[in-house]
Amino acid sequence: MNILVMKFGGTSLADPEKIQRAAARVARARRRGFAVAAVVSAPGQMTDELLSLARRVARRAPARELDSLMAAGEQISIALLASALSGRGAPSVSLTGAQAGVRARGPHGASEIAGVRPARVLAELARGRVAVVAGFQGVDGKGDLATLGRGGSDLTAAALAAALKAWACEIYTDVKGVYTADPRLVPEARKIGKISFSEMLALAEAGAQVMQPRSISFARSRGVRLHVRSAFHDAEGTWIGPDAAGENGVKALAVERVGVRARVSAVGRGLRPEDAEATRKILRSCGIACRRAELSAFRASCEVDAREAVPALRALHKAWQLGRRAA
Ligand code: ADP
Ligand code: ASP
Ligand code: MG
């Protein structure tokens, strides 16, 4: 069986029309000869809405109950996507994390994957059905629902792809791939054709929301090829793969909030003190003070006042000509 894992994020399942589009994509992959395991997130902002609902009934809801509540979002998505697939004549079956064999361990709300027993999914695929699996959830040693940290459907997808020995793990989202910076903040940002696991991990840890950091570590350790692409366009997205020898230097930027400040990071392979110094200089030339600097092999960061985060990002993007250089 040539197995493909296709993960759809919440933004790609936000309304009935988008669910239909996701179903059409899955059905097309199936027609091309793939046995498809689709991993889904909760529709739209549902996870946040469920959390705010919990806050309205209890100031501090127990973590176990929050997991039970949050997991409901993904369960809505599996039932809807499987129904949309059936409506298109593509046989399918919805599976919760537990039914799909996703075992979790660790604290509620931030569990890790202890293992995946793929027998049920494999049996469904062998029968010619699409397995529609709830992301973000597993079952712990006590038989309780456990969630995998925010953005955890990416981790489910990577773990399922490893367990199924899938050809690749496709991450369908609302942007066309991984960009040189968040395209919502930097309009000149460019799509990157290929990025290594280590660069992508550094970018995710630096705040780029597009993939959950733990999913990248998992994919790197198990050699799962990731392809981040648009749920709404056909073009190739960004391939994330082995840390082959490549060009050193800054490849992309990310920003994350740190209290009243923001940490702006330049990410790339083999970064040196000169790159950190250049970051500071570029910011200084725009009148932005770097309050605290940090450097590691894949990341040079500066803390700036939060209101200066976006100007800092745009200034660095322009100075390094990331829009032009990227693949
Ligand atoms: P999903 O619902 O598919 O899981 P997310 O909201 O988690 O989607 O991630 C997609 C978002 O990540 C994009 O809409 C984009 O604003 C943001 N993002 C941040 N940094 C980047 C980047 N470097 N490249 C692409 N997207 C990024
Ligand atoms: N629905 C969960 C969240 O909002 C998991 C995910 O989207 O990957 O964090
Ligand atoms: Mg996400």
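First listed ligand is number 1; within each ligand, the first listed atom is number 1. Every heavy atom of this structure was used, including side-chain atoms; hydrogens, water molecules and symmetry mates were not.
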- Answer yes or no for G10: is there a heavy-atom contact with ligand 1 below 4.0 Å? yes

- Do any heavy atoms of S153 fall under 4.0 Å from ligand 1? no

- To which protein heavy atom is atom 9 (O) of ligand 1 closest, and what is the distance rounded to 0.1 Å? V210 CA, 3.5 Å

- For atom 5 (P) of ligand 1, which candidate among K7, Q209, M211 holds the nearest heavy atom? Q209

- Item | Candidate with minimal heavy-atom separation from atom 11 (C) of ligand 1, of V267, D174, I171, T11 | D174

- At what distance is the nearest protein heavy atom to atom 3 (O) of ligand 1, and which residue and atom is it? T173 OG1, 2.7 Å

- Would you mind checking which non-hydrogen protein atom is closest to atom 14 (O) of ligand 1, with the distance to 0.1 Å? R184 NH2, 2.7 Å

- Task: Name the closest protein heavy atom to atom 21 (C) of ligand 1, giving the residue it belongs to and the distance to 0.1 Å.
- Result: D182 CA, 3.7 Å

- Message: Give me the nearest non-hydrogen protein atom to atom 4 (O) of ligand 2 as residue plus atom name, then the distance to 0.1 Å.
- Response: R150 NH2, 2.9 Å

- More than 12 foreign heavy atoms under 6.0 Å from CD of Q45: is that the case here? no

- Hey, are E294 and R263 close enough for a salt bridge, meaning a charged N less than 4.0 Å from a carboxylate O? yes

- Query: Is there a heavy atom of G135 sitting under 4.0 angstrom from any atom of ligand 2?
  - Reply: no

- Residue, atom and distance of the protein heavy atom nearest atom 23 (N) of ligand 1 read Y179 O, 3.0 Å

- Query: Is A181 in contact with ligand 1, taking contact as a heavy-atom separation below 4.0 Å?
  - Reply: yes

- Message: I need the nearest protein heavy-atom contact for atom 7 (O) of ligand 2: residue, atom name and distance, please.
- Response: S41 OG, 3.3 Å

- Taken to the nearest 0.5 Å, the spacing of Q20 CD from L13 CG works out to 11.5 Å

- Query: Looking only at protein heavy atoms, which one is nearest to atom 25 (C) of ligand 1, and how far off is it?
  - Reply: G177 O, 3.3 Å

- Taking side chain as C-beta onward, heavy atoms only, is M70 less than 4.5 Å from L51? yes

